[in-house]
There are 2 protein chains.
Amino acid sequence: MTQTGDLRRRLAVARGDEPADLVVRGGRVLSVFTREWLEADVAICDGIVAGLGSYEGAETLDADGAYVVPGFIDAHMHLETTKLLPSEFARLVLPLGTTAVVADPHEIANVLGTDGVHWLVDICADLPLDVFFTASSCVPASQFESPRRPFTPGDLESLLRRRRVIGLAEMMNFPGVIAGADTELAKLAVARGHVDGHAPGVLGRSLQAYAAAGIRSDHEAYTAEEGRERLRAGMWLLIREASAARNLRALAPLVTEFGPTRMAFCTDDREPEHIAEDGHINAIVRDAVALGVTPEDALVMASHHPALWHELGSLGAIAPGYQADLLLLPDLERFVPEIVLKRGRAADEIPATPVPEWVTQSVRIRPVAADDFAIEWEGGPARVIGLVPGQIVSESLVEELSEGTADPERDLAKIAVVERHLGTGRIGLGFVRGFGLARGAFASTFSHDAHNLVVVGMSDGEMVRAVERLVELGGGLVVVDGEAVTAELPLPVAGLVSDRPLAEVIAASEATVAAVHALGSKVASPFQSLAFLALSVIPSLKITDHGLVDVDRFELVPLTAETGALPRLEESSR
Amino acid sequence: MTQTGDLRRRLAVARGDEPADLVVRGGRVLSVFTREWLEADVAICDGIVAGLGSYEGAETLDADGAYVVPGFIDAHMHLETTKLLPSEFARLVLPLGTTAVVADPHEIANVLGTDGVHWLVDICADLPLDVFFTASSCVPASQFESPRRPFTPGDLESLLRRRRVIGLAEMMNFPGVIAGADTELAKLAVARGHVDGHAPGVLGRSLQAYAAAGIRSDHEAYTAEEGRERLRAGMWLLIREASAARNLRALAPLVTEFGPTRMAFCTDDREPEHIAEDGHINAIVRDAVALGVTPEDALVMASHHPALWHELGSLGAIAPGYQADLLLLPDLERFVPEIVLKRGRAADEIPATPVPEWVTQSVRIRPVAADDFAIEWEGGPARVIGLVPGQIVSESLVEELSEGTADPERDLAKIAVVERHLGTGRIGLGFVRGFGLARGAFASTFSHDAHNLVVVGMSDGEMVRAVERLVELGGGLVVVDGEAVTAELPLPVAGLVSDRPLAEVIAASEATVAAVHALGSKVASPFQSLAFLALSVIPSLKITDHGLVDVDRFELVPLTAETGALPRLEESSR
């Protein structure tokens, strides 16, 4: 709550005894409580709404019939995916109407531990964007991944003591939760109530168990049936529109079916180009309305409801005592705000976040040579990761191979995951089909969730060159053609995030995609696809620095496929 | 949250790997989230719902098509009004479907201080009814009343540390809050967020100020317009059906207008006879449905919504992880449960609460004589309290009096408030019209909010007799005719609550009413009316041990009316 002194003045403004700092006049003000448009002035005092009604202020903003709505709140997202420092991210999304986000910092947590999370929380403290955090529950995502160090329940407890850390982040180890694994129950015991979920495809009794553990949200539902089951099980349905995973179209009918109760929007993982071109939460509101959701319902799901789920009691509404985060919208179709007020004022120029040296020294790799990527192979069936365009799942394929090398004729590239936190020299090796490379290599240190270095290439030498360049950059994305580095996006902050402005990040990012395409690939977002190939909790065949992971069986498997094993082309049931 | 050990078993039950303790089969289960009726078994483990679906259990309860709904939660009430010990109250309301209440203990707080509140919290701890408390914010209700001792912000802070004390109770000093009075802001600063409101008739900028103080509920709205303004101001609308104040009929149309969002039911002050004859929260649900609210909306307002407002995260729904408080209803008209399960089982016999001696020694009065009630009067206009049948407001009348005595011809009785906590001998004297007494006296130590002794009579001697009898009883209600005590209801617990079973309390209560009627009165509930005549925050003319209070001007006034003052027969604007 606010200081008593401020409150006294706010009450005087509310009573009309003192002028407001600012009065927004002549707008149609959304009541998120009654879903009405109210013709009322909004009186603002010390960044907080003092009253709705008829008021005078030191300044007046003529809304001129605009729709005045609460600032948007992203119910679940990962800052690091935007590749931007929080200051730059705030510059990008505030004008789009996003005034608060709830971020799970599990990318930086894998790379820089609790130190990294505390740093991220600290640098967000003074932004004109409200950034709340959840304590990353799954570092590592599984025992097959190698973060710099795993998080303990004690780590989580310390994070949860911070004012801006409001709960436990998505419990991605849903099989562990459902099975009642000690490790997962210990984390839940620390959380004391507010826990985000992550349960892709989980239904029936498994979902009942997941909910019975006290997990009351999920952002992974991608069918109406999944959504319906989650609502009935008492879980908030966080409707996700990420760059890779788009669930709005499937879930929007549930708003018509049940009303917007216990539904909210989130972006989860949105790339910077995606936000710059299409928008952020406002784009989800726009698309929801285009799909038939009423504007009022969509706006409530973008503001009041995320605040309700996360118990952010002073956000998400335009009413007395609520923070004056408000948007003036010229229409209820495009949802691009004319004016954004954060804590009652237009955002000042946001100073760039200073980046200390220690967060830029995260890539520690034992020197590699071409031999390190050589695969001794005596012929026979091999497991091959099958890329699924536009999806984060992969297929588990089996190919007869005569040699342990890439083969452009059969669209077979080599893939390696190089442990990059402790310089252990541990490397997992395998094959991937679907990138369509004719030659060259590309590599990234942004690789869910442990963010080890992942490299795909058509020759061992080009893979070495890519790794070496990433070490020089301190992390990022690189593309190599022969000896030449043809494009690169440095991500010096933990090997995940750029220290440059949005425009530079987007230009470099586009250049890396173009450079991969110049190697023959037609994959729309090759680095996005690459980023999920080491994520050992998404079916079906993935690779980490420990080797190939059969996610369905949840175990490490050798490169050699079992005799008699059949190609498994279908997406596994989850 | 629950212990890890219990959680492990609950998950096994949810998965179907272990049998539930109890399975409720064959019912139609209300989802408060989607407002659907689900055909599903409810599997219960350790008193908590493990899952909905198809389950086996050690025991099975055949619901046989009944409606299975969450237990009802009273969003705001005062236990003491029921005149029953909490154990006896639980015996009364559990079979009616009330499985949790949120109680403001401000009656006992006025009499026994924080000691009394702690005792009340303690004796409720092991009941099969969940009793949550709010810390009484207004002890005394105003400076014109004399509790045993006033509560300080420190007292509130200590109460708020208790696990079952979930917030600050109704901020009855709404003029003080709106004006930004130091005393009230200090209380709000202690509360840190969860504060119940009480703002009868407050509208416009005053309401904006009240809400801007962070007060987000009100149970005093009695017109649709008031309700609408509260909802728009971000306040929960707690729809009250007390014994005296009935607001459902006026507010039910708002459910149709806006849906049930941010609306819940409460009883506030329900007398024992009222509950026994008509019901508790279930009666409000029944009446709401009769007024056109859908059964699903009414049930949600009686269960899930009170839990939402009070952040009782494990109550108010039938879903995995929620406490298994559930009712089997044979129909959606009468709302009388066939079976009530509390924490997954039928309630055992509830042992009577032991009453320690110190809570029964609360009536401390300096001995009174007839002289103490004598009014020296030299003629002229006098202020007279005008009883308004069935209301807690009073009128401020002016009568020409020739003598300072009661007058049955003009329906004028004498009224006195005797300070009864510290034995100061302080007595406030005045006249009241409307009881219709021909003779005799009646008196009570249950007298909002300070619960001093209030006595109404037609002769000073009968008034003395009534006071003396109350001292002998240690508090309660008595009726005197001449020398005889014609009826009495002893309330030895703080002078507020009986230590006897419900049936005895009701019989004695009815006898006191009959005895007042035998004195000539036709007032339906004379002791209820009496109980509000000393409440100095309800318009218009009231009386405390300090004398007459003009509530509209919020000051003490003499018995002598101003020269030229006109009778004020209209209900004052508030």
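So that the names make sense, note that chain A is the first sequence line, chain B the second, and so on, each numbered from 1. Predicted model, so just to flag it, every value in this text is computed and none were measured.
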Q | Contact check, side chains of A/Tyr55 and B/Arg205, non-hydrogen atoms, under 4.5 Å | A | yes

Q. Going by residue number, which parts of residues 37-45 of chain A are within reach of chain B, meaning a heavy-atom gap below 4.5 Å?
A. A/Leu38

Q) If you count heavy-atom pairs under 4.5 Å between each of A/Gly321, A/Gly204, A/Ser206 and chain B, which one has the most? A) A/Gly321

Q | Which of B/Ser54, B/Ala181, B/Ala12 touches chain A most, by non-hydrogen pairs under 4.5 Å | A | B/Ser54

Q.
Could you tell me if the side chain of B/Leu308 sits less than 4.5 Å from the side chain of A/Leu308, heavy atoms only?
A. no

Q. Among B/Ala211, B/Gly53, B/Ser31, which residue forms the greatest number of heavy-atom pairs with chain A at distances under 4.5 Å?
A. B/Ala211

**Q.** Heavy-atom donor-acceptor pair, B/Gln208 side chain to A/Leu52 backbone, under 3.5 Å
**A.** yes

Q) If only atom types and distance count, is the side chain of B/Arg216 paired as donor or acceptor with the main-chain N or O of A/Gly313 below 3.5 Å? A) yes

Q.
Which residues in residues 250-260 of chain A have any heavy atom closer than 4.5 Å to a heavy atom of chain B?
A. A/Phe258

Identify each donor-acceptor pair in which a side-chain atom of residues 167-179 of chain A lies under 3.5 Å from a protein atom, sequence neighbours left out, and give them as a table.
from     : atom 1 : to       : atom 2 : distance (Å)
A/Glu170 : OE1    : A/His198 : ND1    : 2.9
A/Glu170 : OE1    : A/His219 : NE2    : 3.1
A/Glu170 : OE2    : A/His76  : NE2    : 3.3
A/Glu170 : OE2    : A/His78  : NE2    : 3.0
A/Asn173 : OD1    : A/Gly176 : N      : 2.9
A/Asn173 : ND2    : A/Glu184 : OE2    : 3.2

(Q) Using heavy-atom distances under 4.5 Å, tell me whether A/Arg35 contacts chain B through its side chain, its backbone, both, or neither. (A) side chain

Q. Quick check: does any side chain N or O of A/Arg10 sit under 3.5 Å from a backbone N or O of B/Ala209, one acting as donor and the other as acceptor?
A. no

Q | Between A/Ala233, A/Ala212, A/Ala319, the one whose heavy-atom pairs under 4.5 Å with chain B are most numerous | A | A/Ala212

Q. Looking at A/Gly51, A/Ala317, A/Pro320, which makes the most heavy-atom pairs under 4.5 Å with chain B?
A. A/Pro320

Q) Looking at CG of A/Leu11 and CG of B/Leu188, how far apart are the two atoms once the value is rounded to the nearest 0.5 Å? A) 8.5 Å

Q) Does B/Glu18 have any salt bridge (Lys or Arg N to Asp or Glu O under 4.0 Å) partners at least two apart in sequence or in another chain, and if so, which? A) B/Arg9

Q) What part of B/Ala50 lies closer than 4.5 angstrom to a heavy atom of chain A: side chain, backbone, both or neither? A) backbone

Q: Could you walk me through whether A/Thr34 and B/Arg262 pass side-chain contact (heavy atoms from CB on, under 4.5 Å), step by step?
A: CA-CA 9 Å; A/Thr34 61; B/Arg262 289 173 92 85; over 6 Å; no

